[in-house]
Amino acid sequence: MTLRYAGLVTRGAARILDVALLALLVAGTSWMVQQILGIDPGRCGPVREWWNVRARLCGFMPYAIILEGVLIPPIYRILFLTTAGRTPGMAVMGLRLLRADGRAVGLRQVLKRMAIFYVTLGFGSVLIPLTTRRRALHDIGAGTVVVYDWGDHAADVRRALERYR
Amino acid sequence: MDDRNDHGRRRERPAGLEARIADALVTRLVESRLSEALMEQIVRALSESKDVEQLVIHLLRQPDVNGVVDDLVDRQLERVLATLRGSAELRELVREQVDLYLKHLTENPEPVRQLIQDQSRGLVREIQADVRARAYVADDAVDAWVRRVLGRA
């Protein structure tokens with residue numbers, strides 16, 4: 001593992017990949033729910049009987065997408081960061097989230113980091129090029145760092161790096 | 001004058017006979033099993049000899065010799081290729097071989113599939129490494145730019 005702290009561009013690219021994947025996930029989930037339940041949100045009938053769950057769900061679908069958009073991203077981040085120390089976007093870009101002392105992150109750090117990120121709307125990332133360990137505000141608050149981890153591909157990346165230097 | 005011609009004729013006769021005898025001897029010698037074995041041994045010794053190999057390499061590296069050899073090879077190659085192109089037997093042989101290979105590939109598609117998968121994986125790996133390297137360089141560039149803007153060292 002290359003213990004070099006990752007910068008703004010790599011981390012930004014990882015986040016963009018994650019957002020794209022999350023958008024697919026949210027859209028895919030709502031599409032799947034509609035397909036499984038046979039709901040068409042454009043043609044919802046009136047709810048006359050209280051036991052008509054499908055009609056009630058149909059009316060709820062526009063809100064369900066918003067709810068998915070709120071719920072799925074945090075679940076996605078918590079799940080991947082606590083189990084693998086990286087989200088799929090971070091894996092593609094060769095990044096890993098660690099505690100400031102180099103140990104693997106736990107649920108507490110991930111929750112704290114995410115909370116600060118949402119509260120600051122991600123603007124804490126402007127600190128990345130300004131701090132010595134390239135830490136954003138949510139990293140400083142949660143006691144984490146993001147490092148390059150190219151795994152088995154390290155030699156390939158170094159070879160590619162020689163072309164750009 | 002006549003005396004001199006007569007003397008010359010007398011000398012030619014035994015010389016022609018000698019040549020014929022010598023030719024017959026040489027032919028016998030060359031065609032004999034002993035000489036064949038001997039030649040074979042000489043050729044083998046020469047082909048296995050490091051010194052001869054060095055000498056051939058040295059000669060081939062000489063510009064004059066190299067040019068001559070190249071020319072010779074090119075001419076021979078052209079001739080051989082022209083013959084091969086017009087050969088119906090060769091075409092038939094190639095067709096047979098292609099059919100055989102295709103049959104073999106149809107019966108055993110796994111190595112080809114593996115090869116294609118490996119190639120695709122290698123390509124993805126290369127693109128990923130390239131993206132990572134570009135981002136890595138861009139990270140440093142952004143840091144340097146920010147430091148410059150803020151007037152930090």
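Every chain is numbered from 1, with letters handed out A, B, ... down the list of sequences. All heavy atoms count here, side chains included; hydrogens, waters and symmetry mates do not.
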With a 4.0 Å cut-off, would you call R134(A) and D140(B) a salt bridge? yes
Between F80(A) and L17(A), is there a shared hydrophobic cluster once you connect ILVMFWY residues whose side-chain heavy atoms come closer than 4.5 Å? no
Under 3.5 Å: donor-acceptor pair, side chain of Q128(B), backbone of V92(A): yes
Shared ILVMFWY cluster between I65(A) and Y63(A), side chains joined below 4.5 angstrom? no
Please tell me whether L127(A) and L8(A) are part of a single hydrophobic cluster in this structure, the criterion being side-chain heavy atoms less than 4.5 Å apart. yes
If you take all heavy atoms of R163(A) and D130(B), which pair is closest and at what distance? NH2-OD1, 3.1 Å
Is it the case that over 12 heavy atoms from other parts of the model lie below 6.0 angstrom from the CZ atom of R108(A)? no
Taking atom CG as the centre, does D152(A) end up with more than 12 heavy-atom neighbours from other residues, nucleotides or ligands that are less than 6.0 angstrom away? no
With a 4.5 Å cut-off on side-chain heavy-atom distances among I, L, V, M, F, W and Y, is there a chain of contacts connecting V124(B) to I127(B)? no
Report, as yes or no, whether the 6.0 Å neighbourhood of atom CZ on F123(A) holds more than 12 heavy atoms from other residues, nucleotides or ligands. no
So, D149(A) and R132(B), do they make that salt bridge, N to O below 4.0 Å? no
Just so I know, are the side chains of D156(A) and E126(B) near enough to count as touching, which here means a heavy-atom distance under 4.5 Å? no
Quick check: closest heavy atoms across A133(B) and A160(A), and the distance to 0.1 Å? CB-CB, 3.7 Å
4.5 Å side-chain heavy-atom contact, L130(A) and R147(B): no
Could you check whether D139(B) and Y5(A), counting side-chain N and O atoms only, form a donor-acceptor pair closer than 3.5 Å? no
Do Y136(B) and V157(A) come within less than 4.5 Å of each other through their side chains, counting heavy atoms only? no
